[in-house]
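Being a predicted model, the structure only gives us computed values, none of them experimental. These numbers come from the heavy atoms of this one structure, side chains and all, not from hydrogens, waters or symmetry mates.
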Amino acid sequence: MCGIVGAVSSRNIVPILVQGLQRLEYRGYDSCGVAVHAASLNGASGPKGGLQRARSTSRVSELMDQVQADHIEGGTGIAHTRWATHGAPAVHNAHPHFSHGTGAGAGVYKGDTPLKPGRVALVHNGIIENHDELRAALQAKGYEFLSQTDTEVIAHLVDSLYDGDLFEAVKAAVRQLHGAYAIAVFHKDEPQRVIGARAGSPLILGVGQGETFLASDAMALAGVTNQIVYLEEGDVVDIQLGKYWVVDRAHQAVSREVKTVNAHSGAAELGPYRHYMQKEIFEQPRAIADTLEGVEGITPELFGDGAYSTFKAIDNVLILACGTSYYSGCVAKYWIEAIAKVPCQVEIASEYRYRESVPNPNTLIVTITQSGETADTLAALRHAQSLGMTHTLTICNVSTSAMVRECKHAYVTRAGAEIGVASTKAFTTQLAGLFLLTLALAQTKGRLSDAEEAEHIKAMRHLPAALQAVLALEPQIISWAEEFASKENALFLGRGTHYPIALEGALKLKEITYIHAEAYAAGELKHGPLALVTSAMP
């Protein structure tokens, strides 16, 4: 859930970078930072003409205070919010990271000891799987590491490959990276240039008036520009003052469509609610209504052109998803087999590609993802396609995402931005989309009568009102929560479609309260778990 913002402009870009980080704070973070090229603004030189940086393990507001106190300004810069993966949440592990190269520039210090000056500044989302091997090779070349992060490896690698052209250095560096990354990087010798690259982690380009931006989420650029380019897997982008170039994974020049995206920051405003999860719980009736808007009847074309032919051709369904989306798929399995009479399997996406499976070209591959950028689910989709299973469909909340682009068919839910870490409205809108898929499959297979279709449509239209009735129980639920808050363990039980709902409930309790929770099919309670039940076990 890390965040990236970058920019090349003729104005002081620091307030824009920090504001972008504030718009991404909802993702959570344990450190933040900003780096600029001071020479990129009004031809600055001397002590302020090189790389400048501020980092903090406090809030973004504290980072802004630090930036103002140190008079950090620049027209070229990058900023980042970080969740610790490699290395503890400490200032020396916070992004941006500098390389310790051999060129002239801003000094880098370890304690009070000056090291070789820094030439490259870099931020990174994702995980580099071969960072140990790259670290050893770079240390052998004399690079000194000041952090425990895999990100610092990329900064040194770019520095080691630099020969006067940062674009070429980054293209050469990403060829050596194994894993997931979105990066933004600039160099001391090229004051009005930032290079970005992505693989397995989202990165977008923002086109402004005489200035250009990078971000991990369009929300970071709300109010700055609504002209957005969604970079594709393997893209490398070169942004400069008022212009940019993109190359694909083969490093061939490509043109990516500029889209108008109204990623206003209103979705990130808490309003009258105590916290974002409460806000999004109460947004579920509206989200369901929006997701079902325009559905007057059941037709395969709800899922795009040619869906009828696809649904006729398939004889089974394989659902691939992670976490909450996986549990929504588990609910859909009951529906698809009971109503459409089509065999259905549900696989955890992160496991699917690591085992031997039996491919069937007549399978409908259904991916479920809130963001459309979930790396494990995208990798599972590509693995299924490599096995000859080309009938693909996604249930996704982001129409411009990689998943929607890579699947033949799609149903885009309308949950809107989900700020809280624990998914609520994304889950229920996924269920709505999956139920429509079930009915469309049943209709195509001749297993849905007109009367049954009308009954299901009527029931779905009632969902927002039914949800409101449940939300009205909040006062009683708060009183129950007071009874459970002191407990350290909980069991969730469910039968039929409520078994995956129990799994999702246990996940929610773990994510939000750090209370240990497990879920079981109700009939399994007597086959072992009952041994854990005492008077203290909810």
Participant: Is any side-chain heavy atom of Glu511 closer than 4.5 Å to one of Met277?
Facilitator: no

Participant: Could you walk me through whether Val60 and Tyr29 pass the side chain to side chain contact (heavy atoms under 4.5 Å, CB included) check?
Facilitator: CA-CA 10 Å; Val60 173; Tyr29 60 100; 3.4 Å; yes

Participant: Just by distance, do the side chain of Asp248 and the backbone of Asp235 share a donor-acceptor pair under 3.5 Å?
Facilitator: no

Participant: Do side-chain atoms of Arg414 reach the backbone of Asp290 as a donor and acceptor pair under 3.5 angstrom?
Facilitator: yes

Participant: State, with a plain yes or no, whether a side-chain heavy atom of Leu393 is found less than 4.5 Å away from one of Cys407.
Facilitator: no

Participant: So which atom in Cys2 and which in Ser216 form the shortest heavy-atom distance, rounded to 0.1 Å?
Facilitator: O-OG, 4.0 Å

Participant: Checking Thr212 against Leu205 for the side chain to side chain contact (heavy atoms under 4.5 Å, CB included) test, could you report, in this order, the C-alpha distance in whole Å, the side-chain angles of both residues, the deciding distance, and whether it holds?
Facilitator: CA-CA 7 Å; Thr212 321; Leu205 166 72; 3.4 Å; yes

Participant: Using the six-membered ring wherever Trp is involved, compare the ring planes of Tyr143 and His156 and label them parallel, tilted or perpendicular (cut-offs 30° and 60°).
Facilitator: tilted

Participant: What are the two closest heavy atoms between Ile228 and Gly206, and how far apart are they?
Facilitator: CD1-CA, 4.2 Å

Participant: In Å, rounded to the nearest 0.5 Å, how long is the span from CG of Asn360 to CD of Gln345?
Facilitator: 9.5 Å

Participant: Can you check whether Glu373's main-chain N or O pairs, donor with acceptor, with Ser401's side chain at less than 3.5 Å?
Facilitator: no

Participant: Side chains of Arg353 and Glu347: closer than 4.5 Å at any heavy-atom pair?
Facilitator: no

Participant: So does Leu63 get a backbone contact from the side chain of Ser56, meaning a donor-acceptor N/O pair under 3.5 Å?
Facilitator: no

Participant: Below 4.5 Å, heavy atoms only, C-beta onward: do Leu134 and His131 meet side chain to side chain?
Facilitator: no

Participant: Rounded to the nearest 0.5 Å, what separation is found between the CG atom of Leu161 and the CZ atom of Arg175?
Facilitator: 10.0 Å

Participant: How about Tyr162 and Val158: do any of their side-chain heavy atoms sit closer than 4.5 Å?
Facilitator: no

Participant: Is a donor on one side and an acceptor on the other found under 3.5 Å between the side chain of Arg82 and the backbone of His95?
Facilitator: no

Participant: Can you tell which of Thr310, Thr394, Asp305 makes a side-chain contact (heavy atoms from CB on, under 4.5 Å) with Lys408?
Facilitator: Thr310

Participant: Please work out whether the ring planes of His383 and Tyr352 are parallel, tilted or perpendicular, with thresholds of 30° and 60°.
Facilitator: perpendicular

Participant: Rounded to the nearest 0.5 Å, what separates atom CE in Met219 from atom CD1 in Ile204?
Facilitator: 11.0 Å

Participant: Only one of Arg198, Arg249, Arg405 forms a side-chain hydrogen bond (donor to acceptor under 3.5 Å, both in side chains) with Glu233, so which one is it?
Facilitator: Arg198

Participant: Thr151 and Thr149: side-chain donor and acceptor closer than 3.5 Å?
Facilitator: no

Participant: Does the side chain to side chain contact (heavy atoms under 4.5 Å, CB included) test come out yes or no for Thr377 and Tyr326, once each step is laid out?
Facilitator: CA-CA 10 Å; Thr377 309; Tyr326 169 74; over 6 Å; no

Participant: Within the distance-only criterion (no hydrogens, no angle test), does the side chain of Arg23 pair as donor or acceptor with the backbone N or O of Ala222 below 3.5 angstrom?
Facilitator: yes

Participant: Output all residues satisfying salt bridge (charged side-chain N to carboxylate O under 4.0 Å, His left out) with Glu211, sequence neighbours left out; order by chain, then residue number.
Facilitator: Arg11

Participant: If the threshold is 4.0 Å, N to carboxylate O, is there a salt bridge linking Arg53 and Asp70?
Facilitator: no

Participant: Has the side chain of Thr324 got a donor or acceptor atom that lies under 3.5 Å from a matching backbone atom of Phe427?
Facilitator: no

Participant: Which value, rounded to the nearest 0.5 Å, describes the distance between Thr429 atom OG1 and Tyr411 atom OH?
Facilitator: 10.0 Å

Participant: Tell me every residue that passes side chain to side chain contact (heavy atoms under 4.5 Å, CB included) with Gln227, counting only those two or more places apart in sequence or in another chain.
Facilitator: Val207, Thr225, Val258, Thr260

Participant: Walk me through whether Val5 and Phe213 qualify under side chain to side chain contact (heavy atoms under 4.5 Å, CB included).
Facilitator: CA-CA 7 Å; Val5 193; Phe213 305 90; 5.9 Å; no

Participant: Hey, is the main chain of Arg193 close enough, under 3.5 Å, to the side chain of Asp238 for a donor-acceptor pair?
Facilitator: no

Participant: Nearest 0.5 Å please: distance from the CE atom of Met403 over to the CG atom of Leu381.
Facilitator: 5.5 Å

Participant: Checking Tyr230 side chain against Lys259 main chain: does a donor-acceptor pair fall under 3.5 Å?
Facilitator: no

Participant: Can you find a pair of side-chain heavy atoms, one from Thr392 and one from Glu406, that are under 4.5 Å apart?
Facilitator: no

Participant: Please name the pair of heavy atoms, one in Ala422 and one in Lys508, separated by the smallest distance, quoted to 0.1 Å.
Facilitator: CB-CD, 3.8 Å

Participant: Would Gln370 and Ser325 satisfy side-chain hydrogen bond (donor to acceptor under 3.5 Å, both in side chains), going step by step from the backbone distance to the final call?
Facilitator: CA-CA 7 Å; Gln370 191 273 344; Ser325 297; over 6 Å; no

Participant: Working to the nearest 0.5 Å, report the span between NE2 of His92 and CG of Leu146.
Facilitator: 9.0 Å

Participant: If you take all heavy atoms of Ala54 and Val67, which pair is closest and at what distance?
Facilitator: CB-CG2, 4.0 Å

Participant: Any Lys/Arg nitrogen of Glu232 or Arg256 sitting under 4.0 Å from an Asp/Glu carboxylate oxygen of the other?
Facilitator: yes

Participant: Okay, side chain of Asn130, backbone of Gln176: is any donor-acceptor separation there less than 3.5 Å?
Facilitator: yes

Participant: Is there a side-chain contact between His178 and Ile128 in this structure, where contact means two heavy atoms from C-beta onward sitting under 4.5 Å apart?
Facilitator: no

Participant: Do you know the tightest heavy-atom contact between Ser201 and Asn125?
Facilitator: OG-CB, 3.7 Å

Participant: Looking at Lys279 and Glu283, is there a salt bridge between them, counting it only when a charged N and a carboxylate O are closer than 4.0 Å?
Facilitator: yes

Participant: To check you understand the geometry: which heavy-atom pair defines the closest contact between Glu144 and Glu152, and what is its length?
Facilitator: O-OE2, 3.8 Å

Participant: Against Asn397, only a single residue in Thr369, Thr413, Thr291 fulfils side-chain hydrogen bond (donor to acceptor under 3.5 Å, both in side chains); can you say which?
Facilitator: Thr413

Participant: Among side-chain atoms of Glu418 and Ser423, is any donor-acceptor pair under 3.5 angstrom?
Facilitator: yes

Participant: Does Leu138 reach the side chain of Phe145, with side-chain heavy atoms less than 4.5 Å apart?
Facilitator: yes

